[in-house]
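Structure, as structure tokens:
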Amino acid sequence: MSLTVYHYPGCSTCKKALRWLTENGLNADVLDIREAPPSATLLAEVHTASGLPIKRFFNTSGQSYRQGGWKDRLPELSDADACDALAADGMLIKRPILIRRTHDAIDAVQVGFKADAWAATLGV
């Protein structure tokens, strides 16, 4: 099993999530979502694996979302176009994102941080 977490260093929720991982003895590849956002291809894989609607991947309280008029644009976008938009602006992405891989396949995803949900996903 390998874990990857996309986070924003200035985000208090992301800091809580990383602290939670450390407290639970879990190691993850930690990537700055602003500096190294996930690719559109990876986002499409994560979206499929999550079973969540694509809107859940948008940081609806963020400046990029508001300034980009995404509230009005999102309903008209295909999932592929939404993934392209997210990949183009990491600050548009809801964070943190936890990706668990087993045998090189994404088998679990968490968007945002809720300790109980992460614990259930990671068997902690």
Side-chain angles (χ1 to χ4, degrees):
M1 172 181 79
S2 69
L3 302 175
T4 303
V5 176
Y6 284 91
H7 79 115
Y8 174 58
C11 169
S12 62
T13 302
C14 294
K15 291 175 187 178
K16 287 178 191 173
L18 296 178
R19 187 171 41 252
W20 182 91
L21 287 171
T22 300
E23 290 169 356
N24 285 280
L26 298 167
N27 294 318
D29 292 324
V30 179
L31 302 168
D32 184 329
I33 207 161
R34 178 189 52 195
E35 300 296 324
S39 68
T41 301
L42 177 58
L43 285 163
E45 289 177 50
V46 169
H47 171 241
T48 299
S50 75
L52 297 169
I54 195 67
K55 182 179 179 176
R56 286 283 311 277
F57 288 84
F58 281 77
N59 179 12
T60 58
S61 62
Q63 199 170 19
S64 288
Y65 186 85
R66 289 189 309 270
Q67 289 179 348
W70 290 103
K71 181 179 179 182
D72 296 326
R73 295 169 62 188
L74 189 55
E76 305 300 320
L77 287 181
S78 68
D79 288 350
D81 287 341
C83 288
D84 287 341
L86 291 165
D89 180 1
M91 295 304 286
L92 193 53
I93 302 172
K94 174 80 173 167
R95 57 201 180 254
I97 295 180
L98 170 69
I99 302 168
R100 184 182 73 191
R101 292 178 185 272
T102 305
H103 306 295
D104 294 326
I106 297 172
D107 65 349
V109 173
Q110 287 291 325
V111 180
F113 176 67
K114 292 190 178 181
D116 58 341
W118 281 38
T121 294
L122 300 175
V124 176

Name the atoms and distances for all side-chain donor-acceptor pairs under 3.5 Å in residues 112-124, with sequence neighbours left out.
| from | atom 1 | to | atom 2 | distance (Å) |
| --- | --- | --- | --- | --- |
| W118 | NE1 | G112 | O | 3.0 |
| T121 | OG1 | Q110 | NE2 | 2.8 |
| T121 | OG1 | A117 | O | 3.1 |

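- Partners of A40 under the side-chain contact (heavy atoms from CB on, under 4.5 Å) rule, at least two apart in sequence or in another chain, are C83, D84, A87.
- Hydrophobic clustering of Ile, Leu, Val, Met, Phe, Trp and Tyr side chains at less than 4.5 Å, counting indirect connections, unites I99 with I54.
- Counting heavy atoms from C-beta outward, T60 and Y65 have side chains that approach closer than 4.5 Å.
- Each side-chain hydrogen bond (donor to acceptor under 3.5 Å, both in side chains) pair with one or both residues in residues 91-107, not counting sequence neighbours, appears once here: R100-D107, T102-D107.
- Taking the salt bridge (Lys or Arg N to Asp or Glu O under 4.0 Å) definition, one finds that D32 meets it with R34, sequence neighbours left out.
- Looking only at side-chain heavy atoms (C-beta outward), N59 and S61 come within less than 4.5 Å of each other.
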May I have the list of side-chain donor-acceptor pairs in residues 11-28 shorter than 3.5 Å, sequence neighbours left out?
| from | atom 1 | to | atom 2 | distance (Å) |
| --- | --- | --- | --- | --- |
| T22 | OG1 | L18 | O | 3.2 |
| N24 | ND2 | W20 | O | 2.8 |

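- The local environment of CZ in R73 is crowded, with over 12 non-hydrogen atoms from other residues, nucleotides or ligands closer than 6.0 Å.
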Show your reasoning for whether side-chain contact (heavy atoms from CB on, under 4.5 Å) applies to T48 and D79.
-> CA-CA 10 Å; T48 299; D79 288 350; over 6 Å; no
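- Note: the hydrophobic cluster containing L86 also contains I106 (ILVMFWY, side chain heavy atoms under 4.5 Å, direct or indirect links).
- The hydrophobic cluster containing L42 also contains I33, counting ILVMFWY residues as joined when their side-chain heavy atoms lie under 4.5 angstrom apart, directly or transitively.
- For D81, there are no salt bridge (Lys or Arg N to Asp or Glu O under 4.0 Å) partners, not counting sequence neighbours.
- Side chains of I93 and P38 form a contact here, defined as non-hydrogen atoms less than 4.5 Å apart.
- Cluster annotation: L98 and V109 are assigned to distinct hydrophobic clusters (Ile/Leu/Val/Met/Phe/Trp/Tyr, side-chain heavy-atom contacts under 4.5 Å, transitive).
- Linking Ile, Leu, Val, Met, Phe, Trp and Tyr residues whenever their side-chain heavy atoms come within less than 4.5 Å leaves I97 and V30 in two separate clusters.
- Counting all heavy atoms, side chain and backbone alike, S64 lies closest to M91 at OG-CB, 3.8 Å.
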